[in-house]
Amino acid sequence: MLRYTRPAVLLHWLIALLIIGAFTMGLVMTDIPGITPTKLKYYSWHKWAGVTILALATLRLLWRLTHRAPPYPTSMPQWQQSSAHHLHTLLYALMFAVPLSGYFYTLSAGVPVVYFGLFQLPLLIEPNAELKPVLKQLHYWLNIGLAGAVCLHIAAALKHLFIDRDGLFKRMLP
């Protein structure tokens, strides 16, 4: 049985953990009232996670374009294969769209992104008070979409791990 390569698996789990961490950080930081040192620190960490996710997603996409994924099991119905393919495409798109929307939202607010406090990312747009709320909402809804897609991905993985083709629980122990 063909399996994913170690670099593909490593990138998958690194990105997954960073996405969960960045999403959680986003929920926590936006619930902190006012502007506090803790809130500002969380915003920085959230941005650093987003930039890192974008970089790792780029590596993962390049890896995926040069390395064939294992085929779906022949026992898997065609509709599930098609659904899995479309869900993976959506996940890839959102791994790029979410951090980019956050980056442009930050720039529209007039705040530069300084990666790990070491170097400033390019200022690709000028501060724009009219664009800021639009990008904020876009970033929010893309995150909601990513959370939903991740939940579907996890549910599908668990289904294939624990349930057989007939809808019965697989026997886990010999």
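Note on Leu65 and Leu90: same hydrophobic cluster, where clusters join Ile, Leu, Val, Met, Phe, Trp and Tyr whose side-chain heavy atoms are under 4.5 Å apart, directly or indirectly. A chain of hydrophobic side-chain contacts below 4.5 Å, direct or via other Ile, Leu, Val, Met, Phe, Trp or Tyr residues, connects Leu158 to Leu87. Hydrophobic clustering of Ile, Leu, Val, Met, Phe, Trp and Tyr side chains at less than 4.5 Å, counting indirect connections, keeps Trp13 apart from Trp63. Following chains of ILVMFWY side-chain contacts shorter than 4.5 Å, one cannot reach Leu94 starting from Ile20, and the two form parts of different hydrophobic clusters. By the criterion of side-chain heavy atoms lying less than 4.5 angstrom apart, applied directly or through intervening Ile, Leu, Val, Met, Phe, Trp or Tyr residues, Ile32 is grouped together with Tyr105 in one hydrophobic cluster.
Between His153 and His88 the shortest side-chain heavy-atom distance falls below 4.5 Å. Within the 4.5 Å cutoff, no side-chain heavy atoms of Tyr43 are placed close to those of Val111. In this structure, the side chains of Tyr72 and Gln80 stay at 4.5 Å or more apart for every pair of heavy atoms. Between Thr52 and Phe116, some side-chain heavy-atom pair lies under the 4.5 Å cut-off. Contact check for Asp31 versus Leu27: no side-chain heavy atoms found under the 4.5 Å cut-off.
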Inset, instruction - Could you check Leu14 against Ile53 for side chain to side chain contact (heavy atoms under 4.5 Å, CB included), going step by step and ending with a plain yes or no? - result: CA-CA 9 Å; Leu14 278 173; Ile53 290 166; over 6 Å; no
Legend entry - Derivation and outcome, side chain to side chain contact (heavy atoms under 4.5 Å, CB included), residues Ile125 and Phe104: CA-CA 7 Å; Ile125 63 171; Phe104 284 109; 3.9 Å; yes
Inset, instruction - Dump the intermediate steps for side chain to side chain contact (heavy atoms under 4.5 Å, CB included) on Arg60 and Tyr92, then the final yes or no. - result: CA-CA 9 Å; Arg60 181 173 172 147; Tyr92 273 101; 3.0 Å; yes
Legend entry - Pair Val98-His139, side chain to side chain contact (heavy atoms under 4.5 Å, CB included): steps then yes or no: CA-CA 6 Å; Val98 169; His139 187 60; 3.8 Å; yes
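A pairwise comparison of heavy atoms in Met76 and Ala84 identifies CE-CB, 4.2 Å as the closest pair. Of all heavy-atom pairs spanning Ala97 and Leu142, the tightest one is O-CD1, 3.7 Å. Scanning all heavy atoms of the two residues, the minimum distance from Ala49 to Leu18 falls at CB-CD2, 4.5 Å. The minimum heavy-atom distance linking Trp48 with Gly117 is given by the pair CZ2-N, 3.6 Å. Considering all non-hydrogen atoms of both residues, Pro73 and Gln81 come closest at O-NE2, 3.7 Å.
Rounding to the nearest 0.5 Å places NZ of Lys136 at 11.5 Å from OG1 of Thr106. Atom CD1 of Ile15 sits about 10.0 Å away from atom CG of Leu54, to the nearest 0.5 Å. The CD1 atom of Ile144 sits 5.0 Å away from atom CZ of Phe23, with the distance rounded to the nearest 0.5 Å. Atom-to-atom distance recorded for Arg68:CZ and Thr66:OG1 is 12.0 Å, nearest 0.5 angstrom. Residue Leu56 holds its CG atom at 11.0 Å from CG of Leu17, rounded to the nearest 0.5 Å. The CZ atom of Arg64 sits 15.5 Å away from the CG atom of Leu59 when rounded to the nearest 0.5 Å.
Using a 30° and 60° split on the angle between ring planes, Trp45 and Tyr42 fall in the tilted class, from 30° to 60°.
Between the side chains of Tyr140 and Ser101, no donor-acceptor pair is found at a separation under 3.5 Å.
Within a 6.0 Å sphere centred on NZ of Lys39, other residues, nucleotides and ligands contribute more than 12 heavy atoms. Atom CD of Gln120 sits in a crowded spot, with more than 12 heavy atoms from other residues, nucleotides or ligands closer than 6.0 Å. The number of heavy atoms from other shown groups lying within 6.0 Å of CD1 (Ile35) does not exceed 12.
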